[in-house]
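A short write-up of the structure that comes next.
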Protein chains: 2
Amino acid sequence: MVADLTSRRGVPDATVARLPEYLRALTALTERGVTSVSSEELAAAAGVSSAKLRKDLSHLGSYGVRGVGYDVEHLAYEIARELGLTQDWPVVIVGMGNLGRALADYSGFIKGGFRVVGLLDRDPALVGQDIAGLAVRHMDDLAAVASEHSVSIGVIATPAASAQDVCDALVDTGIRAVLNFAPCMLSVPDGVDTRRVDLSTELQILAFHSQRRMLDVAAEGVAGDEAAASAPTPVGAAR
Amino acid sequence: MVADLTSRRGVPDATVARLPEYLRALTALTERGVTSVSSEELAAAAGVSSAKLRKDLSHLGSYGVRGVGYDVEHLAYEIARELGLTQDWPVVIVGMGNLGRALADYSGFIKGGFRVVGLLDRDPALVGQDIAGLAVRHMDDLAAVASEHSVSIGVIATPAASAQDVCDALVDTGIRAVLNFAPCMLSVPDGVDTRRVDLSTELQILAFHSQRRMLDVAAEGVAGDEAAASAPTPVGAAR
DNA sequence: GTGACTTTGTGCATTTGTTCACGAGCGCGT
DNA sequence: ACGCGCTCGTGAACAAATGCACAAAGTCAC
């Protein structure tokens, strides 16, 4: 019994991070009417190796059939269950600037159990305005909104300067999961989970790889000059 | 010489992913007038352990002073250089829906060498409109915009359905780095780097952890009932 | 029912990343 | 000049994640 729990806890973080992608791929297959899929095909659709996919799925249980593959619908259900998408996750979004608006609209696309139940902002000019079918409410109403809908996830779409204050307020209402779009670290008490999404971080990582590629090519060119006589085509693109 | 190149290449991916956060923390310190910082302090500001921070920084070189710490300004410069932020990275954003608009505005906040030089959309109604001081141009002008400004990074903020087409077009213009906000996998030729940012994926990961926490607490409660007589306070919050 | 074929699930080796612990080097007070 | 305390840089131990290869377990044809 406790062993069951331990095995459930045993899903590695790296695997969890890929499950949403698998689920998306499976959903796409369902829409195309495909009912069965091999690890090879699904892995290709999700952009991973088939070995990795099989190992990931093996952490959830044995939902495949040897010699056949996976039942698309059933596997999708099991992944959704593992991710907790079979239950309801009421969400509030704080900060109704451009980003908050985009998120409020975009969230309509989400198939899972996420439901935006509150849009909040500190600016009185925005309060009352209708966005994506929901009236914006003032930050002071946070506690009311949160308890009214048993909100479990908070999304921060404010400037960095107010992010920590907003986060503290969210945590005070009992929210234990925070998605932070502000470009700053949040400090939270133990037991609260935060994830950060940041455009600038991603661009910087892309820039690093781009720069490295440029340096590599340049260095390769030099090396190629030296070795040109012996090896006309030194290397293919690595990685 | 080749060894130099190898050592440069040797910066681990996990480290690269953390460099932007270090840089941000350093920038914040600069703004507060702090000129010197220890690994312990900087690690706390960036939300990592000091050992990890020191190992990460050691991959870039020896920029610290033993017994003293790091010079904030100098370290920031070295990280920025490593990330490629000392050069110019012209960016185009494709898709001027709510998200694209938010990105176009937000990008003004970016301190690094990123410069939005083009906003594109397929919808004629949006073309010509002014967003964040830039006129939206039609997708057909992509090649012109790209060559005119030597664009090196493309950002996709379109619906999933058109993301792959847009990506192909970006790659055709010679762009080798793509940041994808559409909820789908992109297939690209070798030598092209893509990163995906997705609200729904992040929410699902948060949901997983929330659910696990709930299950753990429930199970702990049961275990606690069993063990209650012997251990009134079974455990503190783990992790 | 049997054999050939297919595809999963998994043990093992390898690579990658993290933590620990401590030696090396620097500034400072005396 | 010299020891003392502080903090970086790093090798070695440890942990996590990945890739490989194959046995186990199923379907299908006949």
Side-chain angles (χ1 to χ4, degrees), chain A residues 6-7 9-19 21-22 25-26 29 34-72 74-76 78-79 82 205 208-209 212 238-239, chain B residues 6-19 21-22 25-26 29 34-76 78-79 82 205 208-209 212 238-239:
Chain A
T6 310
S7 75
R9 157 175 304 189
V11 182
D13 282 352
T15 295
V16 174
R18 283 187 293 266
L19 291 181
E21 186 60 45
Y22 300 156
L26 287 167
L29 288 172
V34 180
T35 61
S36 178
V37 69
S38 73
S39 65
E40 201 70 50
E41 294 164 327
L42 184 55
V48 300
S49 74
S50 65
K52 200 188 283 188
L53 174 83
R54 287 201 301 277
K55 182 147 296 197
D56 283 345
L57 294 184
S58 78
H59 287 116
L60 314 190
S62 279
Y63 301 123
V65 179
R66 294 166 196 244
V68 178
Y70 300 90
D71 179 77
V72 172
H74 182 226
L75 183 57
E78 292 295 345
I79 293 180
E82 187 70 30
I205 294 171
F208 172 84
H209 289 302
R212 187 169 67 97
R239 190 201 166 93
Chain B
T6 310
S7 74
R8 181 166 297 281
R9 158 175 302 188
V11 182
D13 282 352
T15 295
V16 174
R18 283 186 293 265
L19 290 181
E21 187 59 44
Y22 301 156
L26 287 167
L29 288 172
V34 180
T35 61
S36 178
V37 69
S38 73
S39 64
E40 202 70 50
E41 295 163 326
L42 184 55
V48 300
S49 75
S50 66
K52 200 187 281 190
L53 174 83
R54 286 202 302 277
K55 180 146 298 225
D56 282 344
L57 295 184
S58 77
H59 288 118
L60 315 189
S62 279
Y63 301 123
V65 179
R66 293 162 198 249
V68 179
Y70 300 90
D71 180 78
V72 173
E73 199 172 342
H74 182 227
L75 183 57
E78 291 295 344
I79 292 180
E82 188 70 30
I205 294 171
F208 172 84
H209 287 118
R212 187 168 67 95
R239 188 200 167 93

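Order of the sequence lines fixes the chain letters, A, B, ..., with proteins taken first and strands second; residue numbering starts at 1 for each chain.
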Self-check item: Of A:Gly67 and A:Thr15, the one whose closest DNA chain D nucleotide lies more 5'
Solution: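 Looking at DNA chain D, the more 5' nearest nucleotide goes with A:Thr15.
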
Is [Y] close to [X] at the side-chain level, that is, under 4.5 Å between some pair of heavy atoms?
X: B:Glu21; Y: B:Leu53; result: no
X: B:His209; Y: A:Asp13; result: yes
X: B:Leu60; Y: B:Leu75; result: no
X: A:Arg54; Y: A:Tyr70; result: yes
X: B:Tyr63; Y: B:Ile79; result: no

Quiz item: So which heavy atom on B:Ser36 is nearest to which on B:Val68, and how close?
Solution: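 Heavy atoms of B:Ser36 and B:Val68 come nearest at OG-CG1, 4.1 Å.
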
Practice problem: Check step by step if side chain to side chain contact (heavy atoms under 4.5 Å, CB included) holds for B:Val72 and B:Leu26. | Solution: CA-CA 6 Å; B:Val72 173; B:Leu26 287 167; 4.0 Å; yes

Could you list all N or O pairs between the protein and nucleotides 1-3 of chain C that sit under 3.5 Å apart?
none

Taking the minimum atom-to-atom distance to the side chain of [X], which one of [options] wins?
X: A:Ser49; options: D:dG19, C:dT18, D:dG26; result: D:dG19
X: B:Val65; options: C:dC26, D:dG26, C:dG17; result: C:dC26
X: B:Ser58; options: D:dT10, D:dA17, C:dT8; result: D:dT10
X: A:Lys52; options: D:dT18, C:dT18, C:dG9; result: D:dT18
X: A:Val68; options: D:dG9, D:dA17, D:dT27; result: D:dT27

From [atom1] of [X] over to [atom2] of [N], roughly how many Å is that when rounded to an integer?
X: B:Asp56; N: D:dC8; atom1: CG; atom2: P; result: 14 Å
X: B:His59; N: D:dC8; atom1: NE2; atom2: P; result: 17 Å
X: A:His74; N: C:dT8; atom1: NE2; atom2: P; result: 16 Å
X: B:Leu53; N: D:dG9; atom1: CG; atom2: P; result: 10 Å
X: B:Leu42; N: D:dT7; atom1: CG; atom2: P; result: 14 Å
X: B:Asp71; N: D:dC8; atom1: CG; atom2: P; result: 13 Å
X: A:Asp13; N: C:dT16; atom1: CG; atom2: C1'; result: 16 Å
X: A:Arg18; N: D:dG19; atom1: CZ; atom2: C1'; result: 12 Å

Self-check item: Value rounded to 0.5 Å, distance of NZ in A:Lys55 from OG in A:Ser49
Solution: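 Going from NZ on A:Lys55 over to OG on A:Ser49, the span is 10.5 Å.
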
Quiz prompt | Euclidean distance, B:Tyr22 OH relative to B:Asp56 CG, rounded to 0.5 Å | solution =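 Rounded to the nearest 0.5 Å, the CG-OH separation comes to 3.5 Å.
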
Within the sub-3.5 Å range, which N or O atoms of nucleotides 20-23 of chain D have a protein N or O partner, and how far apart are they?
none

Exercise. Could you tell me whether the phosphate oxygens of C:dT8, OP1 or OP2, come under 4.0 Å of any side-chain nitrogen or oxygen in A:Ser39?
Key: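 Yes, such a contact exists.
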
Quiz item: Any side-chain N or O of B:Tyr70 less than 4.0 Å from the OP1 or OP2 oxygen of D:dG9?
Solution: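 For B:Tyr70, the contact criterion (side-chain N or O under 4.0 Å from OP1 or OP2 of D:dG9) is met.
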
Quiz item: Can A:Glu82 and A:Glu78 be said to form a side chain to side chain contact (heavy atoms under 4.5 Å, CB included), step by step?
Solution: CA-CA 6 Å; A:Glu82 187 70 30; A:Glu78 292 295 345; over 6 Å; no

